[in-house]
Amino acid sequence: MKLHNTLTSKTDDLQPLNPPKVTVYTCGLTVYSQPHIGNWAAYIYWDVLVRSLKAIGYDVVRVQNVTDVGHLTSDEDSGEDKMEKGAKREGLTAWNVADKYIKIADHEAYDLLGLLRPDYMPRATEYIPQQIAFVEELEKRGFTYTIASDGLYFDTSKLDDYGKLAKLNIEGLQPGARVAYKGKKNVTDFAVWKYSPEGQKRDMEWDSPWGKGFPGWHLECSAMARALLGDQIDIHTGGIDHIPVHHTNEIAQTEVITGKPFAKYWLHNSHIKVNGTKISKSLGNVYTLQDITDKGFSIEAYKLLILSSHYRTEGNFTWAILEAAQNRLNNYTRIAALRHQPLATQLSKQADFEQAALLIKKSLESDLNTPQALAALSETLAKIEEIGLHESQVAPFNTYLQSVRDILGIDLLVANITDEQRAMIKNRKTHHQAKDWEESDAIRSELKEQGIGLADTANGTVWYRL
RNA sequence: GGCGCCGUGGCGGAGUGGUUACGCAGAGGUCUGCAAAACCUUGUACACCGGUUCGAAUCCGGUCGGUGCCUCCA
């Protein structure tokens, strides 16, 4: 498996720390509002990553956290906690907001998108003792300092290699838009523990050796990754936006304590744009899965749209592009339905399904080249459409479709029609042969209402799902 | 201002120093009761300017353009 590693800026061969085990940590959602299609794009890619690793034979242990506290509205450690802000907006407590969006996200990810559930999905609020212990260790090593009535901060100047992931130019940060928060020793310093504002009661706050408050956002990933996966992990994934701050700070904290490289491979997905520009609330182009189904498109088509571009490419979303993906998917399912309708065609011309499956696997082993994998899938299906499926090839074809589902997460195992529907098709054939077009067409339109389309080909009538 | 990414045929989007990516859409044709599908034919792409090379869209430099993070948003 070759993967592009942000840390080395190169596409490296995956060499796990303890093969065949591969540990994967994915930065999860902050559960304070409705997830949008851009959020899901990232998880679709990492889902295929995990599926590919498993297909290769690795024993994957995956953690994906749930950020339910501490994520501020600014990377400057100023501003509000997104959770508390969401609570205010919805007239709920922060705890209720978290529960609400965890439920929604869960439904969308695992019911609608059909992603694989990670082995662990820890909530930051469930790991407060571990986070406090983590900060205590940082403090013991002299990496922290206090800003009165604000919080405990990590002193990034004490690290020689701070910013190695992002290749940060610390000097360059000074004159820019990024203004140092008051009291910080260095612009890049970040909070590991924030105090509850004086005279205010937060929904989420805990006692700590430094006073009542809540953990810094970056801390949770470091603490939970360590608690669940150990001092070192193989692969850490996340959005490209997390490179300069969040992941940089995770590395700083963890490596101070363990003295070892945190993650061996850092994978980052680019963001998908909408209408050629970034997804942003102020631009009003924040779409959800609901919007997709409301327009009559399928969630599976959206997955296909995402996988049609590489995870490191800035993808684009428009309704026209989604329509193209939907058409492509419809063609796939129409051909996949042939698994129930073998023809007495020439066996010698059949596709080599084992080879075809291997082609997909090889593409994904090449830094998760999903567009290339889909091209291979398209070519295989096109061949079946062209020559039909021989009776003896039904089983290999099904095996192939299963591997497509397992590795790409695209389910083309189209269900068979009912006996009744089969009888209707047979009945229509009788009328058709008798040139009784009226009756023949009536049956056809009745089937259409049941979601079954018919095509009279040179080899007879073929059905497909609409 | 700092850091980064990208520029491929109508749209989306891979890849490679010399060979058809692939998909969607379009055009012409064959077939066909109709419909749908299929099949055949069709686009000879790689921002621009230099350089390296026998040969570059693919490597190097520059120019122009777009876009992202640093601020609500993955």
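Bear in mind that the values here come from a model prediction, so they are computed numbers and not experimental data. To find a chain, count down the sequence lines: A is the first, B the second, and so on, and within it residues start at 1.
- Remark: A:His268 engages A:His247 in a ring pair (Phe, Tyr, Trp, His ring centres under 6.0 Å) (not counting sequence neighbours).
- For the P atoms, the distance linking B:G61 with B:G66 amounts to 23 Å, nearest Å.
- For residues 308-333 of chain A, proximity to RNA chain B is found at A:Ser308, A:Ser309, A:His310, A:Thr313, A:Glu314, A:Gly315, A:Asn316, A:Ile321, A:Ala324, A:Asn327, A:Arg328, A:Asn331, defined as any non-hydrogen atom under 4.0 angstrom from a strand atom.
- Ranked by how close their nearest RNA chain B nucleotide is to the 5' end, A:Ser366 and A:Glu385 are led by A:Ser366.
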Checklist entry - Taking it one step at a time, do A:Arg428 and A:Glu439 satisfy salt bridge (Lys or Arg N to Asp or Glu O under 4.0 Å)? => result CA-CA 7 Å; A:Arg428 173 177 175 272; A:Glu439 187 58 26; over 6 Å; no

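- The gap from the P atom of B:G2 to that of B:G62 amounts to 16 Å, rounded to the nearest Å.
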Next on the checklist: Let's go through A:Gln253 and A:Ser222 carefully: what are the C-alpha distance in whole Å and the side-chain angles of both, what is the deciding distance for side-chain hydrogen bond (donor to acceptor under 3.5 Å, both in side chains) to 0.1 Å, and is it a yes or a no?
Outcome noted: CA-CA 7 Å; A:Gln253 295 165 153; A:Ser222 285; 2.8 Å; yes

Please produce a list of atom pairs where a protein N or O lies less than 3.5 Å from an N or O of nucleotides 29-35 of chain B.
residue: B:G33; atom: O6; partner: A:His432; partner atom: NE2; Å: 3.1
residue: B:G33; atom: N1; partner: A:Asp441; partner atom: OD1; Å: 3.1
residue: B:G33; atom: N1; partner: A:Asp441; partner atom: OD2; Å: 3.4
residue: B:G33; atom: N2; partner: A:Asp441; partner atom: OD2; Å: 2.7
residue: B:C34; atom: O2; partner: A:Arg444; partner atom: NH2; Å: 2.5
residue: B:C34; atom: N3; partner: A:Arg444; partner atom: NH1; Å: 3.0
residue: B:C34; atom: N3; partner: A:Arg444; partner atom: NH2; Å: 3.4
residue: B:C34; atom: N4; partner: A:Asp456; partner atom: OD2; Å: 3.2
residue: B:A35; atom: N1; partner: A:Asp456; partner atom: N; Å: 3.3
residue: B:A35; atom: N3; partner: A:Arg444; partner atom: NH1; Å: 3.1

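- In terms of heavy atoms, A:Ala301 sits closest to A:Leu329 at N-CD2, 3.6 Å.
- Taking the C1' atom of each, B:C48 and B:G65 are spaced 10 Å apart, rounded to whole Å.
- Taken residue by residue, residues 262-278 of chain A places heavy atoms nearer than 4.0 Å to RNA chain B at A:His271, A:Ile272, A:Lys273, A:Gly276, A:Thr277, A:Lys278.
- Nucleotides B:C59 and B:U20, compared at atom C1', are 25 Å apart to the nearest Å.
- Taking the C1' atoms as reference points, B:C3 lies 34 Å from B:G9, given to the whole Å.
- For A:His242, the side-chain hydrogen bond (donor to acceptor under 3.5 Å, both in side chains) criterion is met by no residue, not counting sequence neighbours.
- Side-chain contact, A:Thr288 with A:His36: no donor N or O sits under 3.5 Å from an acceptor N or O.
- For B:U42 and B:G23, the P atoms lie 16 Å apart once the distance is rounded to whole Å.
- Under the ring pair (Phe, Tyr, Trp, His ring centres under 6.0 Å) criterion, the residue pairs touching residues 433-466 of chain A are A:His340-A:Trp463, A:His432-A:Trp437, with sequence neighbours excluded.
- Atom C1' of B:G17 sits at a distance of 22 Å from the matching atom of B:C22, rounded to the whole Å.
- Residue pairs satisfying the salt bridge (charged side-chain N to carboxylate O under 4.0 Å, His left out) criterion with at least one member in residues 325-335 of chain A, sequence neighbours excluded, are listed as follows: A:Arg334-A:Glu385.
- If you check B:C39, B:A74, B:C22 against the side chain of A:Ser378, the one that comes closest is B:C22.
- As rounded to the nearest Å, B:A25 and B:G50 have P atoms that lie 40 Å from one another.
- Between B:C73 and A:Asn39, no contact under 4.0 Å exists linking OP1 or OP2 to a side-chain N or O.
- In this structure A:Phe214 satisfies the ring pair (Phe, Tyr, Trp, His ring centres under 6.0 Å) test with no other residue, sequence neighbours excluded.
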Item to check | Pairing string, 5' to 3', for RNA chain B - Watson-Crick or wobble contacts under 3.5 Å, brackets [ ] where pairs cross, | to another strand | outcome: (((((((..(((.....[...))).(((((.......)))))....(((((..]....))))))))))))....

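- Residues forming a ring pair (Phe, Tyr, Trp, His ring centres under 6.0 Å) with A:Tyr32 (at least two apart in sequence, or on another chain): none.
- Within the structure, salt bridge (charged side-chain N to carboxylate O under 4.0 Å, His left out) contacts touching residues 39-50 of chain A (residues at least two apart or in different chains) are A:Asp47-A:Arg51.
- For the ring pair (Phe, Tyr, Trp, His ring centres under 6.0 Å) test, residues two or more places apart in sequence or in another chain that qualify with A:Tyr287 are A:Phe317, A:Trp319.
- The 12-atom threshold is exceeded at NZ of A:Lys185, counting heavy atoms of other residues, nucleotides or ligands nearer than 6.0 Å.
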